[in-house]
Structure formats: structure tokens, C-alpha cells
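Everything below concerns the one structure shown next.
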Amino acid sequence: MKKYNPQKIEKKWQRYWEAKKLHHTEDAIKDKDNFMLLTEFPYPSGDLHIGHWYAFATPDILGRYLTMNGYNVMYPIGFDAFGLPAENAAIQRNINPRDWTEENIAYMTKQLKSIGARFDWSRTVKTIDPNYYKWTQWIFLKFYEKGLAYRTKTKVNWCPKDKTVLANEQVISGCCDRCGTPVIQKEREQWMFKITEYAQRLLDEMNSLDWPETIKTAQRNWIGKSQGTKIKFKVHGASLNIKDPFIEVFTTRADTLFGATYIVLAPEHELIAKLVTNDCIGQVNNYLEQVKKKTEFERTNLEKEKTGVNTGAFVLNPLNGEKIPIWIADYVIGSYGTGAVMAVPAHDQRDFEFAKKYSLPLRPVVIPNQNWNFEEKAYEGEGVLSESDQFNGLKSEVAREEITEKLTENKAGFKETVYRLHDWVLSRQRYWGVPIPMIYCQSCGYQKVSEKELPIKLPELQDFKPADDGSPRGKAGNSPLARASDWMKTKCPHCKKDAQKETDTMDTFVDSSWYFLRYTDPKNKKIFASKEKMTHWLPVHHYFGGAEHNTMHLLYSRFFTKALFDLGYIDFNEPFLKRTNRGFILGPDNQKMSKSKGNVIDPDEEVKKYGADTVRMYLAFMGPYENGGPWNPQGIKGVSRFLNRAWNFVQNSQNKKRATKNDSTTELIFSKFIKEIGHDIKNSRFNTGVSGLMKLTNELERLLGQKFKLSKNYYEIYLKLLAPFAPHFAEELWQEILENKTSIHLESWPRFNKNILDKEMINIIIQFNGKTRGVIKTHKDLKEESIKAIVLNDLKLSGYLKNKSLNKTVFIQNKLINFLPNAPESRRLLPKDE
RNA sequence: GCCCGAGUGGUGGAAUUGGUUUACACGCACGACUUAAAAUCGUGUGCCGUAAGGCAUGUGGGUUCGACUCCCACCUCGGGCACCA
């Protein structure tokens with residue numbers, strides 16, 4: 001008898017599947033529905049870690065199951081290969097990022113093949129391939145033509161270590177999400193995507209998606225919709241040298257307008273210089289100097305005390321003409337709303353703290369129905385208005401509307417919706433990325449590269465280190481590409497004079513915002529993907545990935561999809577119908593795996609020890625896919641034990657007698673588990689799927705004992721149930737022991753016998769006064785009277801009925817019977833729906 | 001502070017629509033095989049109790065014949081947003 005030797009069989013079958021082109025995916029197969037199963041493509045960092053296995057091996061179970069159920073499944077793979085880590089690694093090793101990346105891709109491809117997944121390698125997409133990034137550039141141009149890509153001077157997040165700007169989404173608690181360095185703010189000209197134009201649709205069109213609530217709320221929070229009123233305050237005093245003497249504020253509490261005792265501008269507010277009175281100019285300049293020295297993180301730190309300065313200028317309350325002083329303070333954010341607020345210290349805790357510090361007046365205008373000492377704390381809830389002229393006595397919710405209406409009448413305000421979401425800064429001052437296909441001409445300004453010129457290839461550079469600082473670029477710029485002087489030279493498409501190529505490259509999130517489209521038509525030379533091919537596969541049916549992309553990649557891809565939809569290139573407006581986030585695999589010590597902690601589990605090592613099938617199955621068995629959890633070195637042994645047992649179970653059939661008498665029992669067991677395991681996989685509940693296989697094996701071993709075996713078709717079914725989880729294992733036994741001539745992975749998922757399941761005996765729970773006292777096994781659909789009779793005939797159970805007046809019953813067919821006392825206040829005794 | 005999600009044995013976790021809590025594993029204990037160990041196999045394993053029985057799904061209440069599941073309040077953990085006006 002052969003022993004289970006995964007190392008030997010796994011390589012063999014991987015080669016066999018490849019030679020037979022088993023994972024090659026056709027665009028369409030007659031009578032089959034297509035299913036696109038997607039997992040986020042990996043970054044070629046150099047080595048596959050256990051998280052990669054979790055990302056690719058576990059969804060593969062679903063892919064194989066769907067294939068067996070008659071779907072034409074595409075499970076594509078590619079590499080998200082531009083980006084900072086490659087560049088930093090290449091700088092460290094003094095090699096070219098392309099070489100480093102290509103080497104990693106080659107190595108990781110080998111590792112990925114060891115998983116035994118159904119990847120269709122013929123559709124591989126690499127973002128660094130000019131045939132791919134040609135279309136990244138093309139899409140940029142289409143967006144530019146529509147005004148969805150634009151260049152502007154803006155305050156941006158600058159990472160001093162990586163020497164590049166970062167998108168808002170890439171700043172985590174004030175630090176660079178790649179290297180953890182505190183981010184500073186810089187004023188620069190940058191290329192932007194107008195994602196804010198889609199804010200409302202990104203909110204609305206999410207509702208129908210089958211996504212976890214956590215992601216939806218994360219995106220809603222990120223978009224941060226806020227409905228309120230914009231109010232114009234006229235600036236008071238003729239000496240001011242301003243054309244349009246208004247300060248605009250945004251508020252969600254227009255009802256507190258009469259309680260506004262001062263106005264606050266963010267330190268970067270553009271009107272400050274024009275407003276400040278002569279006697280205040282010294283203090284104000286001083287203050288602005290101090291604020292400038294602080295990082296954004298320090299400024300927005302909630303712990304710190306608010307600081308500010310008076311400008312000496314005033315505005316007028318638009319409804320009663322009251323004179324209100326204008327202050328500058330660091331607790332107002334320049335980039336949100338209008339960068340200015342009306343301060344209502346009686347009804348806003350922040351304003352309250354500031355007012356107390358600088359002795360500014362408080363005026364309560366919303367009176368709560370509980371006690372409130374307005375000298376102690378702001379009251380931020382709803383109430384009834386007072387000291388608010390004609391609005392006195394109104395409920396604050398109503399006053400909000402009426403005051404806004406009044407302001408609209410007076411042309412001093414209007415209803416407004418404000419979003420927290422910012423436009424996406426896409427340009428990067430680094431080498432290893434897609435060149436932005438724009439040309440700068442001194443006389444004509446920025447011009448787009450003509451489509452015929454695409455792709456603008458990334459030039460080979462000896463020195464590709466980032467420039468030392470992020471100072472605003474001159475004509476030549478300071479991105480590494482600015483050193484490629486020959487490459488930069490070009491003609492202006494407009495005036496034909498000498499001009500220069502744009503030297504910034506794109507954020508890698510641009511590359512990954514559309515890669516899934518390319519899988520449907522990876523070699524197309526005319527368009528990023530043909531509509532016809534896309535209709536076969538898109539939108540993606542099920543997308544597996546990491547939670548770190550909740551407000552980044554997932555949001556960006558949704559934006560790209562909507563924009564391409566509006567441009568008419570695709571026929572759907574949401575990219576991913578269903579999303580499952582995977583959990584994090586931790587070290588055995590329940591800590592994040594890291595080399596310094598010495599708790600790293602190397603998947604290659606585990607494969608060497610136990611085989612790929614065991615690793616796959618253990619990952620599936622650990623727990624719900626969304627949870628992840630600590631790697632348990634004992635736990636994987638359990639799975640290894642199981643596969644060995646299953647191996648012997650099938651092998652032993654060779655030298656055992658056939659069992660015939662138990663055929664209906666066998667069929668019942670199989671029916672039960674075919675149904676159960678299929679149900680589990682379909683719902684991505686891989687852990688209970690594995691336990692189902694274990695239960696099935698336990699039951700069969702118990703049934704057969706030492707002597708008996710099943711008929712061959714049952715062993716076939718048994719292996720088919722295992723095939724999605726342990727594809728090599730199942731293939732080996734299928735072909736070598738059961739002597740089939742074609743792959744098990746071309747087989748259909750076994751059918752279960754519904755009739756036999758319907759006839760299965762069931763357990764009826766027997767309760768007395770709500771307490772479970774026994775269980776009886778019966779046929780289905782027995783009537784209450786028959787169950788009662790069984791209970792009365794049962795020695796033990798009937799004992800409970802003596803001496804007690806248990807003469808009421810609750811009876812739920814096929815579930816339970818509950819005997820109850822006929823209590824005087826006895827309430828409803830029938831189930832709710834009767 | 002606001003918004004999501006989750007709390008079940010020593011551990012990972014099961015429990016279709018409210019209906020036997022703790023499936024399947026891990027660990028542990030005992031036993032078999034062995035000169036021995038490993039491996040393998042078998043038995044047991046929520047807590048208290050000799051037992052009958054009682055008590056247990058973060059805590060406290062509620063709805064219900066019956067609650068891990070539904071409702072209310074609180075506690076703890078994980079995540080998102082955060083001087084967002």
C-alpha cells in the first residue's frame with residue numbers, strides 16, 4: 001500500500017494540469033454561465049508569505065466548486081508591480097527596479113504555482129508592461145478630456161523619507177502608510193482626479209452591493225457627507241481693500257445663528273491678509289508663523305489646547321446686523337467646508353473652550369428641557385429657540401429650516417451639502433511608476449500627448465533616486481525623470497515648438513484601479529478591453545481581498561468604473577458585486593508575524609513538511625475567512641492527520657470486502673454531506689466545509705469498521721467532495737487508485753438524493769415546562785397525538801407527567817413538544833405565526 | 001466623541017428561519033501497540049456535585065412555552081472617522 005507523499009504527487013499533477021491546459025479559461029462556453037472570481041493581485045515583494053496563501057488558496061476552493069457546478073470560472077492572477085518598495089529595494093541594492101521586480105515576479109510565479117490554484121496564467125496582467133500601462137495612460141487622457149483629471153496648486157501630504165506626495169488615503173494618523181514617517185504639508189502643483197464629483201454616487205450606488213457592512217460604513221465615513229447651510233457674513237468696515245466683502249461659513253446648525261459671537265478662519269484662509277487691521281497685523285503674523293512650524297498631525301491633535309488670534313476685523317450677522325469679531329484659530333480646518341466657521345460657544349464644545357480661553361461672550365439660544373449651566377459646558381442637543389427674534393419658540397429642528405429659508409430669501413445663504421472626501425492627488429515624484437502622458441509647453445501650458453504616441457515609456461535611468469526635497473518644480477521639475485534630459489525633450493502638440501514631457505509618475509493605485517477589466521482581454525492592442533469580452537465577465541462576481549483597501553483601492557476602482565461608464569466604455573457602474581475581506585494570519589504567539597519577533601511561518605517550509613493540500617486545508621479550517629487568527633502548529637498537524645486517514649480510507653478499499661447491506665445508510669450519509677459541504681463552500685464557509693469532510697470520514701469509518709468497503713462510485717463521490725480543498729490529493733487517488741483516465745477536476749459536483757434526506761429520521765425534543773428532558777427519534781411529519789403517545793409509553797418521560805397538571809402543550813412539528821401546566825394567567829400558547 | 005462589527009469550554013471555533021449549547025479540530029488525561037520514544041488507534045473531557053440534580057453563550061433587565069439568536073441599558077475588545085463646524 002502506498003503512503004501519502006504529497007511532495008511527490010503535487011509537482012506531478014501541477015505539471016499535468018498545465019500540460020493539459022486545464023485552467024485555461026474560454027471567454028464563453030455554450031450553456032455555461034461565466035463567473036469571475038477575483039483576488040487582489042499581489043505586489044511582487046520577493047517572497048510569498050502565508051497571507052498570500054490565504055489570499056489565493058482559500059478562494060480557489062470556491063472557484064473549483066463553482067467549476068464543478070457547471071460555471072465557466074475565471075480565476076485570474078497578475079502583478080501590481082510599480083511602486084515604492086521596489087524602488088527603495090533597488091536603491092538599497094544598487095540595481096535597477098525593473099530587474100529587481102522581474103526577478104521577484106519570476107520567483108513568485110513559481111511559488112504561486114505550488115499552491116495548486118486554478119489560475120489561468122495565460123491572462124496574466126503586469127502593470128509594468130508597456131502594453132498594460134499604455135492603457136493606464138490612455139484612461140488618464142480620457143479623464144483629462146472630461147475634466148476628471150486636472151492640475152492644480154494645492155496643499156499636499158509630503159513624506160520626507162519617501163520624498164513624494166501621498167494621497168489623503170495613504171496618510172494614516174498623520175504618518176506615511178508605507179514607512180510611518182510623519183507627513184508634512186506642502187504647497188505644490190499636482191495632478192488630481194476629481195473623485196469628489198462622484199461623492200454622491202459613490203454613496204448611493206453602494207447600497208445594492210453585497211459587501212460587508214464594515215466596508216460600506218468605512219466608505220461612508222470616508223466620504224463624510226454633511227448637510228447644512230452656507231451663510232454669507234458681510235465684512236464690516238470700509239477701510240478694507242476687498243472686492244467681495246463676504247466671509248462664507250458652513251454650518252449644520254443654522255438654528256444657532258443668533259448665538260454666533262465670533263467668526264473663526266483657518267490659518268490658511270485666503271482673506272486673512274486683506275482683513276487684518278493695522279493694529280493687529282503684528283500679532284497675526286506672529287501667530288501664523290507659529291502655526292506654520294507645526295505638522296498637520298500636531299495641529300489636529302485633539303489633546304492640545306486651541307490657539308488663536310484676533311484680526312481686529314468684524315462681520316455682520318446677516319439676520320440682525322450684529323457686529324461679530326473675526327478670529328483666526330488652528331482648530332478650524334482649511335480644507336473642509338469653506339475654511340471658516342461661525343462660532344457658537346454656547347452650543348459647540350470646541351467654540352466653548354476657545355471662548356473661555358480668550359474671554360469671548362457666550363449666548364445660549366437653544367434651550368434644552370433639562371437643566372443646563374451654560375457657563376460649564378456647551379449644549380449641543382436640540383431644544384427651543386430663544387433670543388432669536390422672530391424664530392423664538394421654534395423647535396431647533398424647525399428653526400434650522402426656517403432660518404435657512406430666510407437667509408436664502410435675503411441672498412445671504414443657502415442649503416449646502418459638504419463632503420469630507422478630497423480629490424485624489426495622483427502624481428508622484430518618484431521614478432518607478434507610469435509616466436503621466438502630458439507635455440509642458442512654455443507658451444501653451446500643459447498639452448496632452450497624442451494617443452498615437454502612447455505608451456510614453458518609462459526611460460532607463462542610472463540615477464533614479466528621488467530628489468532631495470519637494471520644493472515646487474520649475475520648468476525642469478525635480479522628479480527623477482527630470483534627469484532624463486533626452487527623454488524629456490519633445491515638441492508641443494499645439495504650437496510645435498520645443499516642449500518637455502511631464503516628469504511626475506502616477507500613484508500605483510491608478511494602475512490597480514482598472515486591472516480587473518484587463519483580465520477579460522489582456523492582449524488587446526486597440527482598446528484597454530473590448531466591450532464584448534467585458535460583457536462576458538463583468539462586473540466581478542466575487543472579490544476577495546484585504547481590509548486595508550476599504551477606503552483606498554475599493555473606492556478608487558469604484559470611481560474609475562463610474563467614470564468609464566459615463567464615458568461610455570463600459571456598461572456597468574459598479575466593479576465588484578460581492579466582496580469578502582480576509583482576516584489576518586498571525587504568528588503562533590497571536591502577534592503580527594515579523595522577522596524580529598521570530599514568529600514568521602514560511603509557507604514553503606510548511607509545504608515541505610505537510611504538502612500544499614494540507615496547508616490549503618488548514619487555512620480553510622482555521623475559522624471564518626473574515627477572521628483569520630493565529631497559526632497553530634498543532635492545528636495543521638490535525639489536518640495532516642485527517643488527510644492521511646482519508647488517504648488510507650480510499651487505499652484500503654483495495655483489500656476489503658464489499659459492503660452491500662448498508663447501501664441505503666451509505667446513501668443517506670453521502671446525501672447529507674454532499675448537501676452540507678456544497679452549501680458551506682457556496683457561502684464561503686470553508687471552515688465548516690472542512691469539518692463536514694471530517695465528519696463524513698468519521699461516519700463512514702464507523703459504519704464500515706475493519707471489514708467492509710463501499711462500492712467504487714462512493715469512493716468517487718468522496719474524492720469529488722475533497723477535490724476543491726485538496727486538488728492534488730484527490731487527483732492522485734482518482735487516477736491512480738480508482739483508475740480514471742481523465743482529471744477529477746473535469747467532473748461535476750455530486751448530486752444528493754433529496755428523497756432519502758426527506759425520509760431521514762429526526763429528533764423530537766421533549767420538554768416539560770420548558771425544560772428539555774429527552775429526545776425521541778421518529779419519522780418526519782408525525783402528528784402531535786402520536787408523539788404524545790410515544791411520550792406516555794416511555795417509562796422515563798411519562799414519569800414527568802405524574803403529579804403535575806401538565807395538560808397544555810406547545811407542539812412544533814418535526815422540532816419539539818413542550819408540556820405545560822394550565823396556569824391561570826396562561827398566555828398565548830401557540831407559536832407566533834399561527 | 002460619532003459610526004460599524006464582535007464577546008460561546010483550557011484553545012481555534014460549531015449551532016439554516018428563536019427549538020438538544022459546545023459539532024469538527026487542537027490540547028489534556030487514561031488505555032492499546034512498542035524494549036522505549038515518535039507515529040497510529042481506542043476511551044474520556046463545559047462547570048459544581050458520589051449521585052439525583054443544578055448552573056452555564058460578557059453583565060443586568062425585557063419579550064416568549066422556549067433566547068447564543070429578538071428588544072433595552074451597560075461593560076470589554078477589534079475596526080473606521082475625528083477640533084469635519
Side-chain angles (χ1 to χ4, degrees), chain A residues 173 212-226 228-229 249-253 256 264 266 299-306 329-333 335-344 347-351 353-354 380 418-420 547 550-551 581 590 618 621-624 626-639 641-642 644-645 648 676 679 683 685 687-698 763-775 808-812 814-821 823 826-833:
Chain A
S173 317
E213 204 47 45
T214 41
I215 309 182
K216 290 189 180 179
T217 23
Q219 293 210 353
R220 281 189 202 109
N221 286 342
W222 187 259
I223 293 165
K225 182 178 178 174
S226 188
T229 310
V249 306
F250 174 75
T251 179
T252 54
R253 292 298 301 270
T256 62
V264 196
R299 261 190 66 186
T300 54
N301 184 1
L302 276 160
E303 307 292 304
K304 85 160 202 345
E305 210 175 300
K306 300 167 182 24
D330 58 355
Y331 74 95
V332 173
I333 309 289
S335 54
Y336 181 77
T338 60
V341 302
M342 65 177 204
V344 187
H347 300 293
D348 183 291
Q349 191 56 27
R350 296 157 301 184
D351 298 341
E353 283 161 24
F354 190 79
E380 297 183 331
V418 158
Y419 299 91
R420 204 198 69 97
N550 287 358
T551 54
N581 277 1
N590 212 358
Y618 172 60
F621 187 51
M622 283 178 77
E626 295 83 350
N627 286 13
W631 181 273
N632 181 354
Q634 294 299 333
I636 190 169
K637 277 188 192 163
V639 172
R641 237 173 257 165
F642 165 71
N644 274 296
R645 252 176 65 210
N648 293 336
E676 198 179 298
H679 183 264
N683 294 294
R685 296 165 45 158
N687 56 331
T688 48
V690 176
S691 92
L693 286 166
M694 290 171 169
K695 283 182 200 171
L696 169 65
T697 310
N698 290 347
N763 291 331
I764 305 284
I765 301 146
I766 314 299
Q767 297 186 334
F768 298 95
N769 206 6
K771 292 211 195 275
T772 303
R773 298 295 180 181
V775 173
K808 288 257 171 190
T809 52
V810 172
F811 176 70
I812 311 287
N814 295 333
K815 284 265 163 70
L816 66 80
I817 186 159
N818 190 0
F819 294 87
L820 295 164
S826 174
R827 287 155 286 190
R828 184 164 46 84
L829 290 170
L830 286 169
K832 280 158 205 157
D833 45 335

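The sequence lines fix the lettering, A, B, ..., with proteins before strands; numbering per chain opens at 1.
- To the nearest whole angstrom, the two P atoms, one in C2(B) and one in C84(B), are 13 Å apart.
- Inter-residue side-chain proximity for Arg253(A) and Val344(A) is flagged as unmet; no heavy-atom pair is nearer than 4.5 Å.
- In this structure, the nucleotide among A14(B), G80(B), C4(B) sitting nearest to the side chain of Ala218(A) is G80(B).
- Lys306(A) is listed as a side-chain neighbour of Glu353(A), based on a closest heavy-atom distance under 4.5 Å.
- The listed nucleotides are U20(B), A15(B), G19(B); the one nearest the side chain of Thr772(A) is U20(B).
- The C1' atoms of G18(B) and G66(B) are separated by 8 Å, rounded to the nearest whole Å.
- For the pair Glu676(A)/Lys695(A), a side-chain contact is recorded, criterion being any heavy-atom separation below 4.5 Å from C-beta on.
- With a 3.5 Å limit on both pairing distances and Watson-Crick or G-U wobble geometry required, the stems of 3 or more pairs in RNA chain B span B:1-7 with B:75-81, B:10-12 with B:24-26, B:27-32 with B:40-45, B:46-48 with B:53-55, B:58-62 with B:70-74.
- Here the side chains of Ile215(A) and Asn581(A) are in contact, with some heavy-atom distance below 4.5 Å.
- With rounding to whole Å, His679(A) atom NE2 is found 10 Å from A15(B) atom P.
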**OP:** Any chance you could list the contact pattern along nucleotides 23-31 of chain B? Use B for base contacts, S for sugar-phosphate-only contacts and - for none, protein heavy atoms under 4.0 Å, 5' to 3'.
**Re:** BBSSS----
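- For the residue pair Asp351(A) / Tyr331(A), a side-chain donor-acceptor distance below 3.5 Å is found, with atom types taken as modelled.
- Under 4.0 angstrom from either OP1 or OP2 of A85(B) there lies at least one side-chain N or O belonging to Tyr336(A).
- Residue contacts shown for Val332(A) include a base, since a base heavy atom lies under 4.0 Å away.
- Rounded to a whole angstrom, the distance from the C1' atom of U63(B) to that of G78(B) is 30 Å.
- Of the listed nucleotides (C84(B), C4(B), U17(B)), C84(B) has the atom at the smallest distance from the side chain of Arg420(A).
- The main-chain N or O of Ile817(A) is never found under 3.5 Å from a side-chain atom of Gln767(A) such that the two would form a donor-acceptor pair.
- Atoms CZ (Arg220(A)) and C1' (A82(B)) sit 18 Å apart, rounded to a whole Å.
- Whole-Å rounding puts the Leu816(A) CG to U21(B) P distance at 11 Å.
- Distance check on atom P: G7(B) versus G13(B) gives 10 Å, rounded to whole Å.
- Nucleotide U21(B) holds its C1' atom 11 Å from the CD1 atom of Ile765(A), rounded to whole Å.
- Distances from the side chain of Asn627(A) to the nucleotides A15(B), G13(B), C4(B) place G13(B) closest.
- Nucleotide G9(B) is shown with a syn base, its glycosidic torsion being within 90° of 0.
- In plain terms, the two heavy atoms of Ser226(A) and Tyr336(A) that are nearest each other are CB-OH, 3.4 Å.
- For the C1' atom pair drawn from U17(B) and C70(B), the interatomic distance equals 13 Å after rounding to whole Å.
- Residues Phe819(A) and Thr809(A) share a closest heavy-atom pair of CD2-CG2, 3.5 Å.
- Look at Ser226(A) and you'll find a side-chain N or O under 4.0 angstrom from OP1 or OP2 of A85(B).
- Between the CG atom of Asp348(A) and the C1' atom of C84(B) there is a distance of 11 Å, rounded to whole Å.
- Gln767(A) comes within 4.0 angstrom of a nucleotide base, judged by non-hydrogen atoms across all strands.
- Residue Asn221(A) contributes atom CG, which lies 15 Å from atom P of G79(B) at whole-angstrom precision.
- A 4.5 Å side-chain heavy-atom check between Phe642(A) and Val690(A) finds every atom pair outside the cut-off.
- A straight line from NZ of Lys815(A) to P of G18(B) spans 9 Å, rounded to a whole angstrom.
- G54(B) and U50(B) are spaced 15 Å apart, taking the C1' atom of each and rounding to whole Å.
- Across A38(B) and C55(B), the matching P atoms stand 43 Å from one another, rounded to whole Å.
- For the P atoms, the distance linking U69(B) with U21(B) amounts to 14 Å, nearest Å.
- Note on Pro624(A): only backbone sugar-phosphate atoms sit closer than 4.0 angstrom, heavy atoms only; bases stay farther off.
- Side-chain contact between Leu816(A) and Asn818(A) is present, with at least one heavy-atom pair separated by less than 4.5 Å.
- For the pair Leu820(A) CG and U64(B) C1', the interatomic distance rounds to 11 Å; values are reported in whole Å.
- Cation-pi geometry between Lys225(A) and Tyr419(A) is not satisfied (NZ or CZ under 6.0 Å from the ring centre, within 45° of the ring normal).
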